[in-house]
Amino acid sequence: MLLKTVRLQLRFLVPLMVTLVVAAYLAVPVMDQVTLRWFSRDLNSRGLLVANALSDSVGEAMATRGTSRLRPLFDRAVQDERLFAIGLCSTDEKLLERTESFPKTLTCTSAADLARKAETQLPLAGGTVHVGVHDVMGQPPLRAPGAVLINPAPEVIPEDAVAAIHAAASDAQAAAAPVLMGRLVLLHDMSFIERRSQDTRRYLIGLIAALGLVIALITMVVAQLSWRGWVNGVRAIMRGEGLLSPLMPAPELEPFAADLRARLRDMEDEFRRSQGPETEWTAERLKTLLQTQLSGDQVIVVSNREPYIHERGADGIVVKRPASGLVTAVEPVMRACSGTWVAHGSGSADRDVVDSSDRVLVPPGQKDYWLRRVWLTPEEEQGYYYGFANEGMWPLCHVAHVRPVFRESDWEAYRAVNQRFADAVVAEARGEDPVVLVQDYHFALLPAMIREKLPQATILTFWHIPWPNPESFGICPWRREILQGMLGSTILGFHTRYHCKNFIETVDRYLEARIEHEHSTIAFHEKETLVESYPISIEWPGVAEVSSWAPVAVCRQRAVERLGLPTDACIAVGVDRFDYTKGILERLNAVERMLEKWPAWVGRFVFIQVAAPTRSALDEYRSFQERVERVTERINLRYGRPGYQPVHLLAQHHEHGAVMELFRAADVCVVTSLHDGMNLVCKEFVAARDDLQGVLILSRFAGAARELSEALIVNPYHVEETADALNRAATMPAAEQRERMASLRSTVREFSVFRWAGRMLADAGRWRLRSRIEARVRRHQTGP
Ligand code: G6P
């Protein structure tokens with residue numbers, strides 16, 4: 001800042017100094033002339049005085065024609081240091097008498113001519129002299145006037161004599177009736193003038209320089225003070241104390257100060273956003289963490305849904321990506337960590353592509369990690385997946401007003417399949433302490449089963465769905481077994497602190513366990529489990545993916561053409577699995593209410609719902625899908641017209657690229673889950689909108705609402721509130737959209753899925769280290 005101030009001051013000081021130098025350059029010659037004129041006037045007066053003093057003697061001498069007597073008088077007079085020579089001229093211009101120093105070249109006529117000029121200077125070899133001619137008045141001589149000649153003897157003029165001489169001439173005349181007797185020519189030494197003007201010049205230049213310095217100093221002080229004053233002023237504004245508060249309390253400046261404050265904050269925010277997080281979590285950083293904190297140990301992921309499904313189609317085998325938030329999140333982590341992913345092989349061509357150990361390298365073409373498939377019989381799938389997991393645990397945990405169904409046979413299948421997967425994990429483990437990442441409610445029993453076979457394993461279980469309160473969970477007949485199974489984990493993760501708290505309270509209610517609330521740990525059967533929240537996320541799209549996206553206008557045009565939408569339509573989208581927990585019916589009701597409340601939207605507002613079929617073998621899902629179709633039809637009948645259909649229900653699976661295109665085409669994205677662990681759809685919408693436009697409407701019952709507070713947060717059960725939010729989103733100014741979207745994007749970018757996995761793995765690393773130290777301490781205590 002000091003450098004800046006100095007630079008600022010120099011910008012002012014340099015021209016100032018240049019001006020002063022030019023002023024000095026112009027002022028010195030003018031000053032010389034003025035001084036010369038003053039001194040010439042002074043010399044004339046002196047000459048007059050001398051002439052007057054000599055006039056009596058000169059007059060007398062001339063009257064008696066004895067001018068030679070004047071010589072000693074003249075010699076005495078020229079002893080004055082400023083009087084250089086004297087000459088006496090007759091009235092007819094003859095030189096009658098002169099001192100030694102009187103120049104031979106100077107005649108009475110030329111002296112008289114010179115004296116008439118404005119500048120009576122005569123340059124001589126030794127310097128310049130001032131010539132003065134003064135009349136000598138006196139009594140007329142008894143005889144004809146004669147001249148007293150002063151013998152010129154210029155050679156006696158000292159070469160080094162100071163330059164100026166003053167010549168004066170006086171006529172000498174008799175006193176009685178004064179008549180012009182002659183003229184005294186006085187030559188005055190002018191060297192003292194030169195000396196004095198040199199002195200004056202020096203003083204003047206010194207004065208100008210001193211003046212310049214003083215001005216420069218004052219400028220610097222003033223600039224410094226005003227800069228500080230300005231900075232302090234801005235700081236005061238930033239502190240909210242007012243612009244000039246110490247000097248003048250000016251309330252009328254407060255709006256200006258508030259504007260300035262707001263603008264500065266905006267700039268700071270934009271700067272921070274553009275900088276991104278200080279230490280971003282990336283795939284690379286995750287890899288490094290695995291190598292350093294987990295000594296590069298093997299990572300095994302277990303989930304029910306596989307990341308790549310091989311299906312047999314008319315044109316051969318095709319690979320599909322499932323609609324699963326779990327897969328969306330875990331797959332990039334697996335690509336970064338390599339290792340093995342154990343999952344149910346559910347595709348019709350899955351068996352055709354695996355090796356003899358039921359393994360296949362994925363992703364197709366990249367081969368980053370192994371996918372180990374576990375085969376289930378239809379009965380196993382029915383009991384474990386459809387039955388216990390999706391008719392029992394799923395509604396139990398979501399509290400979405402669908403009754404959970406618990407059948408003994410399903411439980412048996414669930415237990416048996418969990419054991420099958422535990423065996424597969426043990427078979428895949430290359431050492432005794434792999435890092436095993438168990439995913440979701442399909443595998444509540446798996447952690448304890450793996451622990452039994454691999455006691456040294458680090459088991460991280462992540463529960464992707466909500467955890468209910470103890471009362472709700474209490475309706476599960478096998479609640480104790482489920483809790484015990486989960487407590488086989490080293491770390492048990494949920495999306496939110498709220499779900500952690502529910503779990504700990506549930507354990508407290510149904511098991512004899514030691515709970516340490518301060519550390520969030522549960523000790524059961526001498527085994528400790530850390531219960532922690534790790535909000536899951538998506539992989540932030542990289543440059544390659546972003547550059548593959550079509551521009552927003554193109555995406556919009558494609559959607560308009562594909563669905564036959566009005567070109568100026570406000571487009572809202574919802575992208576979900578066709579699941580009753582997603583609040584699809586509630587958002588359709590809100591769309592209907594919006595059109596009812598603001599009829600101007602009819603013909604101009606379109607809602608597109610992508611609903612990927614899911615668990616369709618279950619009655620609950622089938623009847624839900626039918627209800628959604630009925631409500632869609634009802635709305636379209638009520639508000640549709642030729643060329644306009646308010647709701648477009650696309651009940652089929654859309655690949656990632658198609659979903660991104662739809663997000664980029666939309667003005668509004670609607671996520672109205674009735675209960676959701678996190679919900680990644682809303683984060684994908686945010687990631688897709690690099691144009692900073694688009695509004696997110698988000699259910700307060702989705703875990704994501706805790707992070708994405710710049711969305712329009714709604715209670716999906718409140719139709720009126722959701723309809724209002726739809727209208728507000730559809731009419732939101734672009735600037736507000738930009739503001740909200742920029743903030744949402746910086747959150748999602750910073751809290752990426754690599755951070756989710758990284759935090760869990762880092763905690764696991766610390767845990768392992770602590771266990772090793774404890775084991776060593778125990779060995780020391782018990783001795784060899
Ligand atoms: C939720 C669950 C996941 C599951 C996904 C899709 O996100 O948490 O475990 O994979 O739904 O459901 P599905 O039954 O088709 O795997």
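Atoms within each ligand, like the ligands themselves, are counted from 1 in listed order. A quick note: this is a predicted structure, and the numbers were derived from the prediction, not measured.
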Practice prompt. Report the C-alpha distance between Arg622 and Asp619 in whole Å, list the side-chain angles of each, state the deciding distance to 0.1 Å, and finish with yes or no for salt bridge (Lys or Arg N to Asp or Glu O under 4.0 Å).
Written response: CA-CA 5 Å; Arg622 273 202 308 274; Asp619 286 348; 2.5 Å; yes
Worksheet item: Out of Arg615, Arg305, His344, whose heavy atom sits nearest atom 12 (O) of ligand 1?
Response: Arg615
Worksheet item: Quick one: do the Asp763 and Tyr534 side chains pair a donor with an acceptor below 3.5 Å?
Response: yes
Discussion item. Tell me whether ligand 1 is touched by Gln439 - counting only heavy atoms on the residue side and a distance under 4.0 Å.
Written reply: no
Worksheet item: Do Tyr369 and Glu331 have side-chain atoms, one donor and one acceptor, less than 3.5 Å apart?
Response: yes
Fill in: Intermediate values then yes/no, side chain to side chain donor-acceptor pair (under 3.5 Å), Glu707 and Thr747
CA-CA 7 Å; Glu707 288 176 81; Thr747 304; over 6 Å; no
Fill in: Nearest candidate to atom 8 (O) of ligand 1, where distance is taken over non-hydrogen atoms, out of Asp440, Asn304, Leu326
Asp440
Fill in: Residue and atom name of the nearest protein heavy atom (relative to atom 4 (C) of ligand 1), distance in Å to one decimal
Ser324 OG, 3.7 Å
Worksheet item: Closest non-hydrogen protein atom to atom 7 (O) of ligand 1, residue and atom name please, with distance?
Response: Gly325 N, 3.9 Å
Worksheet item: Out of Arg577, His464, His442, Glu306, who gets a non-hydrogen atom closest to atom 1 (C) of ligand 1?
Response: Arg577
Discussion item. Please list, in number order, the atoms of ligand 1 under 4.0 Å from a heavy atom of Ala323.
Written reply: 6 (C)
Worksheet item: Would you call Ser303 a ligand 1 contact, heavy-atom distance under 4.0 Å?
Response: no
Worksheet item: What about His495 and Phe462, are their ring centers closer than 6.0 Å?
Response: yes
Discussion item. Quick check on contacts: which atoms of ligand 1 are under 4.0 angstrom from a heavy atom of Tyr385?
Written reply: 13 (P), 14 (O), 15 (O)
Worksheet item: Which bit of Ile465 is near ligand 1, meaning a heavy atom under 4.0 Å away: side chain, backbone, both or neither?
Response: side chain
Worksheet item: So, Arg615 and Tyr621: side-chain donor and acceptor under 3.5 Å apart, yes or no?
Response: yes
Practice prompt. Verify the distance criterion only: is there a donor paired with an acceptor across the side chains of Arg321 and Thr328 at less than 3.5 Å?
Written response: no
Worksheet item: What are the atoms of ligand 1, with element, lying closer than 4.0 Å to any heavy atom of Thr614?
Response: 15 (O)
Worksheet item: Parallel, tilted or perpendicular for Phe578 and Phe624, by the 30°/60° rule?
Response: perpendicular
